[in-house]
Amino acid sequence: MSQYQAVKGTRDIFPEEAAQWKYVEGIVHSLASLYGFSEIRTPVFEYTELFQRGIGATTDIVGKEMFTFQPDPKGRSLTLRPEMTAGVMRAAIQKNLLSLAPVHKLYYISELFRKERPQAGRQRQFSQFGAELIGVSSPAAVAEVMTLMMQVFESLGLHGLKLRVNTLGDTADRLRYREALQGYFAPYHSVLDEASKERLEKNPLRILDSKNPAVQEIVAGAPKLYDYLHEVAVRDFEKVLFYLEERGIAYEIDHRLVRGLDYYCYTAFEVTSSELGAQDAIGGGGRYDGLARELGSSSEVPASGFAVGMERLLMTMEKQGLFAALNPHGPVVYVVVQSQELADNGLQVAYRLRKAGIMTDIDLAARSMKAQMREANRIRASYALFIGTTEVETGLYSLKNLVTSEQTTLSLEGVMEILREPAAKEFYKL
Ligand code: AMP
């Protein structure tokens, strides 16, 4: 075994799996465009304060999961991005995007970093695709990002996913609710676990998220946020549900679903897969009208968005057999030379085929003809093109169809004509 191993919590993606990623990414790119979203790419690291403000200092991510470093003793602290929303919002404010148009619809597929304890479905480097709709916040806007997310799942053929939705009301609603929660949990103080005790002071809504069964039992009797909402929030929520119903998107209302930060408001949602075990969340999102202000924007920048974990999405697809039809194929043609004296002739033919747009491969390890044929089959080439002394002398080549074993003799132009057509077809075949 090599002295060097991939760092715990990171993984390599080899070609067969990379083909699955490419396929999923392709669907994300085309559906995002279909809904009028454009791609944004932001830096992998940002100033640490951005995440402290943009995610919230009381969250686990900021509290203990960030990869933070100082480039030099006097430099400002930097952090590898643990999520995308803060960076995208930072970029939008920095560029003053809203002065160009009132609404911006951005999406991304990006690598993220969190110092969590690695386990199945939880890595230290992972990817998310997500979208941010910036500039307006309304039931129609949040329904649009939810619909895009659900259509990606549907197009990938996923089934059995559960979409849970809730409304968090506005800041005033939550303040009243927060007080009610503190009042409710106070008598249970001695039986709460350490994390919940800490949350009771700073962010009692997050106790509702606790996975601890003992805490969950107490949570069951807690007041419901829904009872603290004012009329506007209730109507807002009903409108979101109306859009989901009109579009045939199944959902469950879950009043215990919270995004524990102050700048989240109104709709929050999460998608889970029963296929995933303990880490069952595939993605989630909501509305975060207060984030821009939190990041120092002088004006309101209402927004909503979602993020979906790519690894968990792919894991669910694998379990549901959705990659079975994905048939990673080899090159269209493998150039086989009869003897090593003809190696340079072979290389020149391969070059000409590639220049003609035909996916071509050729041996670079001076292997025997038999070994070259074995390789052509291993990499699933559709054809083999033989280069022998006669071929070089006459300019007529033997082309063998490796599926039907049919063989024909043709000029190189003739070969190209035959291979060009399937080349295009094969390339896009799934
Ligand atoms: P979050 O940004 O925490 O709301 O996470 C959104 C989605 O990203 C989750 O539902 C997961 O699918 C995925 N995710 C979050 N953390 C990790 C991780 N450490 N490893 C793999 N996927 C993750």
Side-chain angles (χ1 to χ4, degrees), residues 6-13 17 21 24-25 28 42 46 50-51 54-56 58-67 79-89 107-132 142 145-146 148-150 152-153 156 158 160-166 168 203 205-206 208-211 254 257-261 263-264 267-288 291 303-319:
V7 175
K8 214 164 165 231
T10 69
R11 55 196 294 275
D12 303 303
I13 296 173
E17 199 190 336
W21 280 75
V24 173
E25 286 162 1
V28 170
T42 64
E46 300 268 2
L50 175 75
F51 300 118
I55 305 174
T58 61
T59 57
D60 285 349
I61 294 181
V62 173
K64 39 186 190 213
E65 293 169 5
M66 297 206 302
F67 283 103
T79 292
L80 294 182
R81 61 186 181 201
E83 56 101 60
M84 283 297 287
T85 303
V88 170
M89 189 55 97
Y107 81 97
Y108 56 83
I109 304 176
S110 300
E111 303 285 317
L112 305 174
F113 307 86
R114 291 184 197 171
K115 211 187 296 169
E116 298 185 88
R117 193 172 54 79
Q119 62 184 89
R122 200 192 258 175
Q123 294 172 213
R124 292 187 152 184
Q125 177 179 336
F126 64 100
S127 299
Q128 285 181 348
F129 84 86
E132 315 286 1
V142 81
V145 296
M146 292 171 87
L148 165 60
M149 181 183 75
M150 295 309 285
V152 170
F153 296 147
L156 291 172
L158 283 156
L161 299 184
K162 196 152 80 177
L163 169 67
R164 289 177 303 126
V165 289
N166 192 20
L168 307 176
N203 202 339
L205 263 77
R206 296 204 48 236
L208 307 183
D209 264 346
S210 171
K211 300 269 190 283
D254 178 355
L257 174 71
V258 290
R259 312 287 275 180
L261 300 174
Y263 52 75
Y264 279 104
T267 310
F269 54 93
E270 192 166 274
V271 174
T272 49
S273 161
S274 53
E275 227 91 48
L276 286 177
Q279 303 299 321
D280 65 349
I282 285 207
R287 243 170 96 171
Y288 42 89
L291 173 61
S304 45
F306 70 82
V308 170
M310 290 286 283
E311 285 79 3
R312 292 191 202 169
L313 179 66
L314 270 96
M315 231 187 276
T316 309
M317 289 182 66
E318 179 76 53
K319 291 219 166 109

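Just so you know, ligand 1 is whichever comes first in the structure, and atom 1 is the first atom listed for that ligand. All heavy atoms count here, side chains included; hydrogens, waters and symmetry mates do not.
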Using a 3.5 Å cut-off on N or O atoms only, is [X] in polar contact with ligand 1?
{"X": "Phe126", "answer": "no"}
{"X": "Val308", "answer": "no"}
{"X": "Gln128", "answer": "yes"}
{"X": "Glu83", "answer": "no"}
{"X": "Gly283", "answer": "yes"}
{"X": "Arg122", "answer": "no"}

Does some side-chain heavy atom of Thr10 sit less than 4.5 Å from a side-chain heavy atom of Gln123?
->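 No. Closest side-chain heavy atoms not under 4.5 Å.
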
Atoms in ligand 1 with a heavy atom of [X] nearer than 4.0 Å:
{"X": "Gln123", "value": "18 (C), 19 (N), 20 (N), 21 (C)"}
{"X": "Ala281", "value": "9 (C), 10 (O), 11 (C), 12 (O)"}
{"X": "Glu116", "value": "16 (N), 17 (C), 18 (C), 19 (N)"}
{"X": "Ile282", "value": "7 (C), 9 (C), 10 (O), 11 (C), 12 (O)"}

Assess Gly121 for proximity to ligand 1: is some non-hydrogen atom of it under 4.0 Å away?
->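 Yes; Gly121 lies near enough to ligand 1 that a heavy-atom distance drops under 4.0 Å.
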
Is a donor on one side and an acceptor on the other found under 3.5 Å between the side chain of [X] and the backbone of [Y]?
{"X": "Arg312", "Y": "Gly121", "result": "yes"}
{"X": "Arg81", "Y": "Ser110", "result": "no"}
{"X": "Asn166", "Y": "Leu257", "result": "yes"}

Step through it carefully: locate the ring centre of Phe129, locate the ring centre of Phe306, and say whether they are under 6.0 Å apart.
->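 For Phe129 and Phe306, the ring centres are under 6.0 Å apart.
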
Nearest non-hydrogen atom to atom 2 (O) of ligand 1 belongs to which of Arg114, Met84, Glu65, Glu270?
->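 Looking at heavy atoms only, the winner is Arg114.
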
Glu17: partners by salt bridge (charged side-chain N to carboxylate O under 4.0 Å, His left out), with sequence neighbours left out |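 With neighbours one apart ignored, the set is Arg11.
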
NZ of Lys162: more than 12 outside heavy atoms within 6.0 angstrom?
->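 No, not enclosed.
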
Pairing residues for Glu65 by the side-chain contact (heavy atoms from CB on, under 4.5 Å) criterion, not counting sequence neighbours |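 Here the qualifying residues are Asp60, Ile61, Arg114, Glu116.
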
